[in-house]
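First the structure, in the form of structure tokens, and then the observations on it.
Note that this is a predicted model, so its numbers are computed, not measured. No hydrogens, no waters, no symmetry mates; every other heavy atom, side chains included, goes into these values. Whatever order the structure lists them in is the order used to number ligands and atoms, beginning at 1.
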Amino acid sequence: MQGYRIWECLVCGWVYDELKGAPEDGIPPKTRWEDVPDDWLCPECGVGKSDFEMIEVHTQPSSTAASTATQSDSPETQAAAESNAELAAFANIDYARKPIIVIGTGLAGYQLAKELRKHDTSTHLIMITADDGNSYSKPQLSTAFQKRRSPEQLVSYSAREMAETLQANILTFSKVSAIDTDAHTVTIDTGRQQSHLTYNKLVLALGSEPIHAPVAGNAAGCAFHINDLQDFQRFYTAASGAKSALVIGGGLIGCEYANDLVQSGFEVHVVEPQSQVLANLLPPDASALVQTTLSQAGVNFHLGTTVKSLDYRGSGVQAELDNGAHIQVDRVISAIGVRPRVELAQQCGIPCNRGVLTDRLLATQVEDVYALGDCAEVDGHNLCYVAPLLASAQALARTLAGTPTPVFYDSMPVNVKTTLCPVITSPPPRGTQGDWHYTRADSQGVAARFITPNGELMGFALAGNACQQVTEFSEQAPPIMQN
Ligand code: FAD
């Protein structure tokens with residue numbers, strides 16, 4: 001019998017595992033991909049089956065010694081095991097050549113490794129991560145409560161399984177603290193000891209980090225910033241028994257958490273300094289539809305104001321807003337944005353702007369060092385979404401395998417997972433002159449195009465049931481990069 005296969009959403013990275021099925025969508029375990037209904041949509045981002053790709057991974061890993069410590073080990077044990085152990089050997093790998101080292105095992109790092117193995121099965125690949133190396137789809141962090149998924153259930157594969165699948169050595173709980181670009185070495189810090197590894201090519205897939213809101217008060221440090229699975233684990237634990245939450249920030253992540261928590265029974269407050277939600281992504285009427293729909297579900301919006309201070313009061317926290325209002329809640333989430341992680345690159349002399357600067361080959365300005373994902377600014381574009389990193393991973397894998405391949409960012413609409421009022425948007429580049437033109441704005445849906453004074457279409461926005469028009473709007477949308 002053919003082994004069970006895994007299909008991956010090319011837009012958001014969500015994986016369909018035939019062995020597990022998608023029980024939340026009524027698809028039982030062991031359902032073959034061919035038997036999944038044709039009108040089934042990705043539970044994460046809403047794209048259809050045609051946007052999935054089969055990845056050549058079988059769900060039952062063999063018992064060959066992989067190169068990570070077991071998941072049940074404590075972080076300290078794992079770190080010690082990693083730093084002490086010789087890197088495990090895989091039969092196909094050519095150890096005579098220096099390795100490709102990838103720093104980061106988020107979607108960018110793992111996607112690159114998967115793509116690389118399609119073209120090159122023999123280069124020694126070492127992946128280094130500061131976290132546990134578990135493979136998961138980050139977009140699922142903001143829909144997990146309503147889907148009743150625990151942090152453990154969000155893990156698709158352990159680092160050990162990934163190591164075996166990718167025929168790679170994966171060093172977990174290992175922070176890269178320095179890069180010597182002349183000597184081609186990285187310094188790894190496990191907290192107990194330092195070690196050095198030499199690379200032939202180095203890839204930075206370092207992600208981004210949350211921006212902290214400047215808030216006063218004795219509970220200023222209590223806000224949860226949920227930017228990875230560990231963050232989510234901490235919030236998940238703290239949310240147990242909590243009944244109310246304040247979300248600081250009414251952008252994409254803030255609205256997604258408001259949508260998620262309100263449907264899970266929380267009393268939710270959102271504080272947003274601008275006068276509309278999703279202000280950087282949507283025209284006013286589309287924002288208004290999202291706001292109205294979420295308000296009807298119970299979300300309390302406080303727009304045009306900021307959180308001045310957070311102070312412990314009773315068993316929870318009291319927020320004082322700039323407009324003088326007070327809100328008492330059990331937990332606080334801060335979601336005011338992320339910034340690319342560039343410190344390591346900056347310290348090592350790799351030029352950065354907002355992100356690590358690369359050309360369209362994903363090459364930095366330092367020889368043999370590449371970057372992709374949230375940390376990279378590719379030909380002037382720092383886009384902290386999944387679609388750009390998937391395109392980057394495909395191109396960079398070919399380049400690393402010997403065929404220089406520039407990346408091309410086509411139109412890449414963003415799905416906002418406010419499931420009560422879905423949104424698909426392709427906003428114009430920042431600073432573009434022009435206006436939103438509505439083709440529809442009613443209580444069920446809003447559709448608009450952003451047109452420049454020269455009549456050029458530069459973006460679009462769909463909200464509510466107008467999202468059904470996505471194919472028509474996407475086809476007309478301009479690419480992000482010019483060919
Ligand atoms: P990360 O996943 O952050 O990975 C960074 C890696 O680098 C980690 O392994 C970390 O340990 C490692 N690292 C960093 N520094 C070091 C160091 N010095 N040494 C060793 N390791 C290091 N995008 C969409 O397109 N659609 C969505 O619906 C969507 N929803 C989202 C929902 C949430 C809640 C969040 C937070 C983001 C969402 N995004 C979405 C954005 C998307 O998830 C990110 O763009 C993407 O996951 C970034 O992947 P990455 O690999 O670049 O970074």
Tell me, please: is Y110 in heavy-atom contact with ligand 1, that is, under 4.0 Å? no
Which atoms of ligand 1 sit under 4.0 Å from any heavy atom of G373? 52 (O)
Would you check whether A376 reaches within less than 4.0 Å of ligand 1, judged by its heavy atoms? no
Do L154 and L229 make a side-chain contact, defined as non-hydrogen atoms from C-beta onward lying under 4.5 Å apart? yes
Any sub-3.5 Å donor-acceptor pair from D330's side-chain atoms to K243's backbone N or O? yes
Do side-chain atoms of K417 reach the backbone of P139 as a donor and acceptor pair under 3.5 angstrom? yes
Pick whichever of L229, V176, D374, L204 has a heavy atom sitting closest to atom 19 (N) of ligand 1. V176
So if I apply the side chain to side chain contact (heavy atoms under 4.5 Å, CB included) rule between T399 and each of V407, L362, T405, which one comes out positive? T405
Any N/O of L372 closer than 3.5 Å to an N/O of ligand 1? no
Which of the numbered atoms in ligand 1 are under 4.0 angstrom from any heavy atom belonging to N227? 36 (C)
Atom indices of ligand 1, in the order listed, that fall short of 4.0 Å to a heavy atom of I103: 19 (N), 20 (C), 21 (N)
Is the shortest distance from a heavy atom of D228 to ligand 1 less than 4.0 Å? no
Check: of E209, K138, K417, M412, min heavy-atom distance to atom 30 (N) of ligand 1 comes from K417
Look only at the side chain of T364 and the backbone of V369, and say whether a donor-acceptor pair between them is shorter than 3.5 Å. yes
Which class fits the ring pair F52 and W40: parallel under 30°, tilted 30 to 60°, perpendicular over 60°? tilted
What do you reckon, does T105 have a nitrogen or oxygen under 3.5 Å from a nitrogen or oxygen of ligand 1? yes
Do R449 and F473 form a cation-pi contact, if we require the NZ or CZ to be under 6.0 Å from the six-membered ring centre and within 45 degrees of the ring's axis? yes
Who gets closest to atom 26 (N) of ligand 1 by heavy atom: P139, S137, G104? P139
Who's closest to atom 33 (C) of ligand 1 heavy-atom-wise, of V186, I128, L141, I253? I253
Considering all heavy atoms, the nearest C352-V342 contact: SG-CB, 3.9 Å
Per-atom contacts of ligand 1 with S142, taking only distances under 4.0 Å to non-hydrogen atoms: 32 (C), 34 (C)
For ligand 1, which atoms have a heavy atom of I226 less than 4.0 angstrom away? 36 (C)
Donor-acceptor contact present, side-chain R354 to main-chain N382, <3.5 Å: no
Nearest to atom 7 (O) of ligand 1 by heavy atom, A205, G207, G106, A108: which? A205
Only pairs at least two apart or in different chains count here, so list each side-chain hydrogen bond (donor to acceptor under 3.5 Å, both in side chains) that has a residue in residues 286-295. Q276-S287
Per side chain to side chain contact (heavy atoms under 4.5 Å, CB included), L204 is matched among V102, V176, I179 by I179
Going by the atom numbers of ligand 1, which of them fall below 4.0 Å from some non-hydrogen atom of L389? 46 (C), 48 (C), 49 (O)
What side-chain hydrogen bond (donor to acceptor under 3.5 Å, both in side chains) pairs are there with at least one residue in residues 98-110, not counting sequence neighbours? T105-T129
Report the part of S174 in contact with ligand 1, treating N, CA, C, O as backbone and CB onward as side chain, heavy atoms under 4.0 Å; options are side chain, backbone, both, neither. backbone
Atom indices of ligand 1, in the order listed, that fall short of 4.0 Å to a heavy atom of Y257: 34 (C)
Under a 4.0 angstrom heavy-atom cut-off, which atoms of ligand 1 come close to Y385? 23 (N), 25 (O), 45 (O)
